[in-house]
Asks: 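One structure follows; several queries about it will come next.
Chain naming here is simple, since letters A, B, ... match the order of the sequence lines and numbering starts at 1 in each. All values derive from a computational prediction rather than experimental measurement. The analysis underlying the following values was restricted to heavy atoms, covering all of them including side chains, and did not include hydrogens, waters or symmetry mates.
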There are 2 protein chains.
Amino acid sequence: MTKVLIVDDEPQILRALRINLRARDYDVEVAADGASALRTASAYHPDLIVLDLGLPDMDGVDVIRGVRGWSDAPIIVLSGRAGSGDKVVALDAGADDYVTKPFGVDELLARMRAATRRHGAHSTRPTVVRIGAHTVDIANHRVSGGHPGDQDVRLTPTEWHLLSTLVRNPGRLVSQRQLLQEVWGPQYESETNYLRQYMAQLRRKLEPDPAHPRQLITEPGMGYRFLAPD
Amino acid sequence: MTKVLIVDDEPQILRALRINLRARDYDVEVAADGASALRTASAYHPDLIVLDLGLPDMDGVDVIRGVRGWSDAPIIVLSGRAGSGDKVVALDAGADDYVTKPFGVDELLARMRAATRRHGAHSTRPTVVRIGAHTVDIANHRVSGGHPGDQDVRLTPTEWHLLSTLVRNPGRLVSQRQLLQEVWGPQYESETNYLRQYMAQLRRKLEPDPAHPRQLITEPGMGYRFLAPD
DNA sequence: CATACCCGTCAAGACCGCGTCAAGAATCCG
DNA sequence: CGGATTCTTGACGCGGTCTTGACGGGTATG
């Protein structure tokens, strides 16, 4: 059953969507502000997020960025503002679709189907992988220390974003362009020095021998690749 | 470079989009009706399709279904009809997004970025081909070692470009001019020594007996040909 | 049989991309 | 307000890649 998180500050919209979606066999959770949205998302691990941008406590775009740091669940944005600028900012921050209010429920449902269909094949991806002696749990945002009793490894938000983008595509080549666009945004597509900088940091924190990486691999001129162990 | 196919029956929209997209470093092809859209799509293998539903010769939804039969490239639908029903039909037929005219170019570009970003992450079904003892995965840019346990073979960007151009046309003769234009650009059309150089490298890395190639074949005076096994 | 053309091969220098170090700017936190 | 962390930006050396030229052998041609 598909798990959906709905974030909106208007109670009647929350009610209407919850009823509609439950009737169509979705598993629904709701949140009414940005802080509880981020909290619920990390605890509930939804397969899809429907997000209203007009939240009382924080900017909806920051909610998108917060979720995108560790999850690639599809995000469909609802918004009262039809301006082109708002759409561009939300989509570039990591949203998958943008629907302006008022919207038809049929349309929203169709867009939800399209989003989950596209995302569907890989929904059973393992969320925990081993890198060197470390255990990386993408969903729960944790990297265990190398040996039992060791402290956890701390990663900065940017490091997380970069690492999770690679780990979500095990064995695949991820182009420099794609990484830069995903982590820093489309206007940074040529700043390859960022990649050099942060890949080096990830290797230093995760690889047993950072100078000779075995799992965070460089493909010269093209991109980077995460190799799962065995 | 991202390859985009634009399908629309209005010449001025075609022109405007082509100029805009080329300026932003997209590789653009166009089609003005459904039949040529399907033909161009199968020959050109676009990474993204922008499709107007109002075509003169056939229903746009049938174009979606026709493409979806063999490709999972993202499809963004343009339409003058804002009705909820049209959107549902198009999205359920396999479209990824639906934009109603008139639309802002900024918004379309942002939606295109979102679609390719999403698609790249869950990239295509593996298109694998065997050459000698190696397994070549074009989509994931990976060449397995000859025997289990062997290290992967590493190809440089130029080698990849050349090899993928040949493999995309299995069994067909690809002219020298075509190869040079695709890999090095139009101004290198007569530098056949580049081809000699890099074909030799590919054979050395992939063919069991590089001096007597069995799958990367020279057609003297004409071009080269990739022969699929069996 | 001589010649011209095309292809495969080798070699060497120019050039580019990557890893690394370092330092200033911005931001977060107490 | 001050210290620490994180992000941004620049520079440099090295190794690999690309470019370019030259040579020899094979094949078609007259």
Asks: Which whole-number value in Å describes the distance from A/Leu202 CG to C/dT20 P?
Replies: 13 Å
Asks: Classify A/Thr158 by what it touches in the nucleic acid, base, sugar-phosphate, or nothing, heavy-atom distance under 4.0 Å.
Replies: sugar-phosphate
Asks: Under 4.0 Å between a side-chain N/O of B/Thr218 and OP1 or OP2 of C/dG8, yes or no?
Replies: yes
Asks: Looking at B/Tyr26, is B/Lys3 sitting on its ring face, NZ or CZ under 6.0 Å from the six-membered ring centre and within 45 degrees of the normal?
Replies: no
Asks: Could you give the CD-to-P distance, from A/Glu207 to C/dG19, as a whole number of Å?
Replies: 12 Å
Asks: Check A/Thr116, A/Val28, A/Leu21, A/Asp27 against A/Thr2 for a side-chain contact (heavy atoms from CB on, under 4.5 Å) and give me the one that passes.
Replies: A/Thr116
Asks: Below 4.0 Å from chain A heavy atoms, what is the first contacting nucleotide of DNA chain D and what is the last?
Replies: D/dT6 to D/dA11
Asks: What I want to check is whether an N or O donor and acceptor connect the side chain of A/Gln197 with the base of C/dC18 at under 3.5 Å.
Replies: no
Asks: May I have the distance from B/Leu216 (atom CG) to C/dC7 (atom P), rounded to whole angstrom?
Replies: 15 Å
Asks: Provide, to the nearest angstrom, the distance between the CZ atom belonging to A/Arg177 and the P atom belonging to C/dG17.
Replies: 15 Å
Asks: Can a side chain N or O of A/Arg196 be found less than 4.0 Å away from OP1 or OP2 on C/dT20?
Replies: no
Asks: Is the phosphate of C/dG19, meaning OP1 or OP2, less than 4.0 Å from a side-chain N or O of A/Gln201?
Replies: no
Asks: Please examine the side chains of B/Glu191 and B/Tyr194, heavy atoms only from C-beta on, and report whether any two atoms are closer than 4.5 Å.
Replies: yes
Asks: Ring centres under 6.0 Å, that's the criterion: do B/Tyr198 and B/Trp184 meet it?
Replies: yes
Asks: Looking only at side-chain N and O atoms, does B/Arg203 offer a donor or acceptor that is under 3.5 Å from a partner on B/Thr218?
Replies: yes
Asks: NA contact type, B/Glu159, heavy-atom cut-off 4.0 Å: base, sugar-phosphate, or nothing?
Replies: nothing
Asks: Rounding to an integer number of Å, can you tell me how far B/Arg204 CZ sits from C/dG8 P?
Replies: 12 Å
Asks: Nearest whole Å is fine: how far is C/dG8 C1' from B/Met199 CE?
Replies: 11 Å
Asks: Starting at atom CG of A/Asn193, determine the distance to atom C1' of C/dC16, rounded to an integer number of angstrom.
Replies: 15 Å
Asks: Can you tell me how the ring of A/His45 sits relative to the ring of A/Trp70, calling it parallel under 30°, perpendicular over 60° and tilted otherwise?
Replies: perpendicular
Asks: Provide, to the nearest angstrom, the distance between the CD1 atom belonging to A/Ile217 and the P atom belonging to C/dG19.
Replies: 10 Å
Asks: Looking at side-chain heavy atoms only, is the closest gap between B/Tyr224 and B/Leu216 below 4.5 Å?
Replies: no
Asks: So, is B/Tyr224 near the phosphate of C/dG8, with a side-chain N or O under 4.0 Å from OP1 or OP2?
Replies: yes
